Amino acid sequence: MEKTFNPSQIEQALYSSWEEKGYFSPTGEGDGYCIAIPPPNVTGSLHMGHAFQQTIMDTLIRYQRMQGKNTLWQTGTDHAGIATQMVVERKIAAEEDKTRHDYGRDAFIDKIWEWKEESGGNIGEQMRRLGNSIDWSRERFTMDDGMSEAVQEVFVRLFEDDLIYRGKRLVNWDPKLHTAISDLEVENKDKKGHMWHFRYPLADGVKTQDGKDYIVVATTRPETMLGDTGVAVNPEDPRYKDLIGKNILLPLVNRLIPIVGDDHADIEKGTGCVKITPAHDFNDNEVGKRHNLPMINILDKDAAILADAEVYNTNGELSDDYDTTLPSEYAGLDRFKARKAIVSKFEELGLLEEIKDHDLTVPYGDRSGVVIEPLLTDQWYVRVEKLAGPAIKAVEDGEIEFVPKQYENMYFAWMRDIQDWCISRQLWWGHRIPAWYDESGKVYVGRTEDDVRNNHNLDASVVLKQDNDVLDTWFSSALWTFSTLGWPEKTEDLKNFHPTDVLVTGFDIIFFWVARMIMMTMHFNKDENGKAQVPFKKVYVTGLIRDENGDKMSKSKGNVVDPLDMIDGISLEDLLEKRTGNMMQPKLAEKIAKLTRKEYPEGIEAHGTDALRFTLSAVASTGRDISWDMKRLEGYRNFTNKIWNASRYVLMNTEEHDCGKDGGEMQLSLADRWIIGQFQQTVKTVHTAFDTFRFDLAAQALYEFTWNQFCDWYLELTKPVLFKGNEAEQRATRHTLVTVLEALLRLMHPIMPYITETIWQRVVPLTSQQVSIDSIMMQTYPQFDENQLDELAISDLEWVKSFVIAIRNIRGEMDIAPSKPLPVFLKGSSVDDIRRLENNKSFLSALAKLESIEVLHADEQGPASATAVIGDMSVLIPMAGLIDVDAELARLSKAMEKLEKDVQRTRGKLSNENFVSKAPDAVIAKEQEKLADAESMLATLAEQKQTIANL
RNA sequence: GGACGAUUAGCUCAGUUGGGAGAGCAUCGCCCUUACAAGGCGAGGGUCACUGGUUCGAGCCCAGUAUCGUCCA
């Protein structure tokens with residue numbers, strides 16, 4: 001074996017061999033265990049967040065597989081409508097200077113498919129490098145034939161159940177991407193802005209109470225005044241309530257609009273008068289409906305002012321309630337330019353009362369980054385209220401459990417106030433809505449055009465045109481757990497693997513995806529008793545991986561990390577190229593380059609997949625974001641090397657030796673019995689940790705056992721046996737070495753698949769394990785066995801450790817070379833001490849590097865010595881020629897000071913009547929014991945100090 | 001404005017029936033000891049954000065304050 005662990009040499013070959021042998025497929029035996037992956041964007045690439053979640057999923061899958069479950073990790077990718085379309089649009093713009101309209105719909109979609117074929121493999125390659133044990137033969141894509149069929153089926157059935165409708169509604173319109181988006185895709189940001197106060201003249205000579213012929217409305221959107229169809233005041237407002245029912249003559253358009261009384265107008269806020277623009281504001285839209293105010297649309301798809309307005313009644317039907325003419329000077333003007341123009345027009349007319357600074361919330365599109373415009377358009381909606389009920393109940397009843405639990409509150413809060421879901425998108429890339437219109441505009445929904453014709457008796461002469469829109473990507477994602485398993489067919493897979501067991505995902509898509517999955521799945525899937533089936537039993541919500549400074553990783557910030565760079569390493573030059581390569585803005589590129597140079601001055605070293613996975617497990621504490629820390633990764637890379645070298649030691653001492661595989665007398669040492677017990681404890685801890693999704697605790701237990709118990713103590717303790725023991729002792733120790741290591745590798749395997757497999761291949765032939773399949777991943781997982789705990793061995797070995805540590809401490813403090821063998825005298829030793837000493841002399845001599853150990857009689861004083869105390873026994877190291885008197889006095893004083901503090905505190909506690917009368921007996925006994933120990937130790941040290949001081 | 005979370009060693013973070021403040025990294029000292037210098041051995045370092053309460057006993061429970069973060073409106 002190499003002296004240093006070199007992951008790059010083993011990883012890919014191992015993965016291919018696992019994949020070829022079909023180890024990732026369900027075995028068909030045992031209970032089903034299934035995880036559906038949150039499908040990444042097909043044209044994207046994995047970031048650290050994916051690596052994090054996938055490590056957790058793979059760990060669970062490997063753990064369950066080794067527990068004998070019939071495991072399936074269902075994978076696939078998402079077509080990601082807007083995101084993918086944007087990528088390809090940008091690509092053709094950059095490479096061919098074309099827009100999608102130059103291509104036309106069909107050609108453009110072909111282009112995207114082409115791009116998907118080209119780049120779609122990227123994600124799969126990355127996922128393989130992470131070691132994910134995925135059955136690739138079942139990989140799905142949200143737009144493949146089967147899934148498209150499922151989407152159609154769901155749409156049609158929902159429509160038939162009256163859970164989908166079409167209507168002219170106010171939607172969040174993205175003026176850059178020219179599509180509607182759902183509430184969730186809108187990001188509200190706080191901005192500093194202005195509040196304009198406009199004078200609106202009263203019609204028909206009406207005057208206010210204080211004799212004015214106008215009222216003042218306050219608005220943050222002056223340009224929308226062209227679409228005003230009313231002014232609202234609070235019906236309780238004494239200043240204005242007399243004006244309710246009177247009219248305003250709207251400036252610039254000379255439109256006569258009513259003053260209405262509505263609670264929406266807040267007496268305290270602004271001027272108390274609010275202009276109502278039902279076609280361009282969600283609140284105003286509600287007010288308009290309540291008071292039957294027409295809706296006047298004044299904006300086009302680019303959010304520029306129209307030449308002629310569109311007037312609708314509250315049902316969304318065209319109406320002639322108002323003249324459609326708009327002032328020509330604003331026609332074609334962008335909304336923000338129009339704002340300026342209209343404000344100055346009001347000023348010119350003497351109608352601008354004042355401008356106030358104002359903090360407001362502005363909606364932005366999460367993809368385009370432009371201000372979202374509420375716009376009246378025809379869209380398709382899912383009526384979610386009926387679907388939400390069972391979905392809420394499933395979580396309330398514990399059929400679905402969130403981990404950590406606090407996310408359930410977030411889920412409930414949103415679900416209980418859920419709005420209808422706008423599912424149509426004015427894009428080309430996606431599932432085209434299965435609806436057709438005849439020439440009169442009548443809509444027919446069906447699986448295909450033929451279906452529609454047949455069902456509605458439309459003959460060939462009727463011209464039908466399919467709806468141009470596609471469905472929100474999340475519509476197909478919502479079907480993910482069951483559509484990937486073959487729905488709407490009643491498949492074996494559905495029977496075996498649905499509901500799935502765990503969903504591992506980020507909190508940021510609980511609303512987008514998790515909630516909608518629950519609703520859709522429960523509506524379409526019933527078990528044999530007709531009970532609604534949930535998509536998954538548990539939702540494990542991970543935190544976000546942030547960068548070193550705690551900032552969110554994003555492409556525009558340039559702080560995104562490719563997990564493969566952590567695995568394989570990358571030079572600074574390549575990293576810079578990767579991060580700033582095709583940036584649109586050179587200025588941003590400069591900034592990113594600077595940051596990158598600072599963070600990774602030497603680029604990134606290779607760490608290997610196992611180290612990355614172990615790190616991700618170790619930081620996976622729940623309910624909290626994670627700041628990425630390279631130091632952690634380095635530390636765990638070192639850990640993999642430690643495992644490698646420990647194994648190297650084991651193999652060097654066991655291969656081609658008798659390890660007791662074929663019988664023969666075995667005499668287990670104290671260390672052997674101890675490490676077996678320690679390992680069992682670790683097995684127990686790891687099981688509990690995995691079963692409760694505490695991957696951090698599992699990693700910690702594995703790390704602690706491997707490094708601090710197995711390597712630091714056990715391997716050292718095997719040396720005296722292997723070098724000097726008799727045949728039966730050596731055989732026993734070799735046997736213990738290989739069996740514990742072999743089991744430890746299995747225990748670690750779910751987190752670190754590669755290194756464990758590599759070493760396991762060499763270790764397992766040395767053990768008496770009967771292996772029918774030649775891979776660690778197909779073996780059984782270690783189970784806790786209480787019978788292997790040897791309490792006496794544990795306490796005896798603790799005594800050995802204290803002894804060794806005491807000597808090492810004196811060595812360290814007194815600067816005595818580790819290579820210098822020391823004579824030791826023991827004073828005040830008990831029968832137990834003597835027994836332990838006699839049984840473990842070789843251990844003590846080897847680990848503490850002792851020249852001799854001599855037990856003093858009760859009346860013997862011994863030489864002037866540095867002293868350590870173990871229980872009631874003193875360990876003496878003669879000072880002659882080695883230790884300075886003053887130094888030893890100082891060391892003793894320090895030790896005594898610490899003890900005195902302990903003694904004082906404990907005494908205080910025990911002399912407190914309340915404590916003694918109320919605390920449990922066990923606690924009191926413990927305190928008493930602690931006090932006795934400290935006092936006796938203190939006395940011993942004091943005596944020793946006196947002796948030395950007298951020299 | 002509402003809800004949730006965070007505040008523990010220089011840094012990143014554990015600490016789940018309330019009963020001796022922990023890990024990794026960093027720091028300091030010694031050591032190339034036949035698995036490992038990506039290492040070994042030893043050491044130092046904390047008014048557990050603040051205030052009050054419950055309790056014999058609070059990092060942990062309760063109330064409030066401050067700062068930061070996230071979601072919702």
Side-chain angles (χ1 to χ4, degrees), chain A residues 1-6 183-184 187-188 283 361 404 406-414 417 507-508 510-511 543-544 546 548 550 552 605 607-608 611 615 618-653 688 692 694 696-697 699-700 703-704 707-708 710-712 715-716 718-719 722-723 737 804-805 807-820 846-849 891 894 902 905-906 908-910 912-920 922-924 926-927 929-930 934:
Chain A
M1 276 171 100
E2 301 269 335
K3 207 170 163 181
T4 307
F5 173 50
N6 189 346
D183 298 345
L184 289 173
E187 281 177 5
N188 292 303
N283 286 317
T361 313
Q406 75 225 30
Y407 287 105
E408 287 179 8
N409 291 328
M410 201 166 132
Y411 172 81
F412 287 137
W414 189 70
D417 185 34
F507 70 94
D508 50 331
I510 288 183
F511 305 144
L544 226 57
R546 296 169 173 278
E548 251 109 316
K552 210 168 158 174
E605 261 185 79
H607 297 86
T615 307
V619 298
S621 58
T622 46
R624 178 171 185 152
D625 285 352
I626 292 144
S627 299
W628 180 249
D629 183 359
M630 277 313 275
K631 291 286 164 50
R632 262 329 250 282
L633 180 62
E634 273 165 40
Y636 293 126
R637 189 266 320 259
N638 295 353
F639 179 54
T640 57
N641 194 48
K642 189 76 177 176
I643 296 168
W644 185 257
N645 276 291
S647 306
R648 206 157 71 92
Y649 168 81
V650 173
L651 291 171
M652 279 166 64
N653 287 289
T688 311
T692 54
R694 289 303 304 266
D696 55 334
L697 298 183
Q700 196 190 344
Y703 185 97
E704 209 276 336
W707 202 312
N708 304 120
F710 190 70
C711 291
D712 286 350
L715 293 189
E716 294 306 318
T718 61
K719 288 176 186 174
L722 296 179
F723 297 162
L737 276 170
V804 171
I805 288 169
I807 307 277
R808 283 174 179 173
N809 177 290
I810 291 173
R811 263 189 208 278
E813 295 275 298
M814 295 299 140
D815 271 354
I816 301 169
S819 51
K820 168 95 186 152
L847 269 70
K849 189 97 183 166
R891 196 184 66 88
K894 203 174 79 185
D902 281 354
R905 203 175 39 206
T906 317
K909 240 184 193 178
L910 286 167
N912 181 341
E913 176 118 6
N914 277 325
F915 175 72
V916 180
S917 62
K918 290 185 180 167
V923 173
I924 296 173
K926 210 166 145 192
E927 290 294 321
E929 197 188 322
K930 210 163 78 184

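The chains referred to below are lettered A, B, ... by the order of the sequence lines, with proteins before strands, and numbering in each begins at 1. A quick note: this is a predicted structure, and the numbers were derived from the prediction, not measured. Scope of the values below: all heavy atoms of this structure, side chains included, with no hydrogens, waters or symmetry mates.
Across the strands present, B/C30 finds its partner in B/G40; the criterion is a Watson-Crick or G-U wobble pair with both atom distances under 3.5 angstrom. B/G18: no Watson-Crick or G-U partner with both key distances under 3.5 Å is found in any strand. Across all strands shown, nothing is found opposite B/C60 as a Watson-Crick or G-U wobble partner with both distances under 3.5 Å. When Watson-Crick and G-U wobble pairs are counted only if both distances are under 3.5 Å, B/U55 pairs with no nucleotide at all. When Watson-Crick and G-U wobble pairs are counted only if both distances are under 3.5 Å, B/G24 pairs with B/C11. The base-pairing partner of B/C68, taking Watson-Crick or G-U wobble contacts with both distances under 3.5 Å, is B/G5.
Between B/C32 and B/A14, the two P atoms lie 39 Å apart (nearest whole Å). Distance check on atom C1': B/G44 versus B/C60 gives 28 Å, rounded to whole Å. For B/U65 and B/U7, the C1' atoms lie 13 Å apart once the distance is rounded to whole Å. To the nearest whole angstrom, the two P atoms, one in B/G45 and one in B/A23, are 14 Å apart. Using C1' as the reference atom, B/G59 and B/A49 are 12 Å apart when rounded to the nearest Å. The gap from the P atom of B/G22 to that of B/U55 amounts to 29 Å, rounded to the nearest Å. Distance noted for atom C1' between B/U12 and B/U16: 22 Å (whole Å).
The minimum heavy-atom distance linking A/Y649 with A/L715 is given by the pair OH-O, 3.5 Å. Considering all non-hydrogen atoms of both residues, A/M630 and A/H607 come closest at CE-CE1, 3.9 Å. Of all heavy-atom pairs spanning A/E927 and A/F915, the tightest one is CG-CZ, 3.9 Å.
Of the candidate nucleotides B/G19, B/C71, B/C36, B/C36 has the atom nearest to the side chain of A/K3.
Look at A/R811 and you won't find any side-chain N or O under 4.0 angstrom from OP1 or OP2 of B/C41.
Relative ring orientation between A/F639 and A/W707 is described as parallel, the plane-to-plane angle staying below 30° on a 0-90° scale split at 30° and 60°.
Taking atom CG on A/L633 and atom C1' on B/C11, their separation rounds to 16 Å, with Å as the unit.
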Where do N or O atoms of nucleotides 12-18 of chain B meet protein N or O atoms at under 3.5 Å, pair by pair?
from  : atom 1 : to     : atom 2 : distance (Å)
B/C13 : OP1    : A/S627 : N      : 3.4
B/C13 : OP1    : A/S627 : OG     : 3.3
B/A14 : OP1    : A/S621 : OG     : 2.7
B/A14 : OP2    : A/R624 : NH1    : 2.7
B/G15 : OP1    : A/R694 : NH1    : 3.2
B/G15 : OP1    : A/R694 : NH2    : 3.1
B/U16 : O4     : A/R694 : NH1    : 2.2

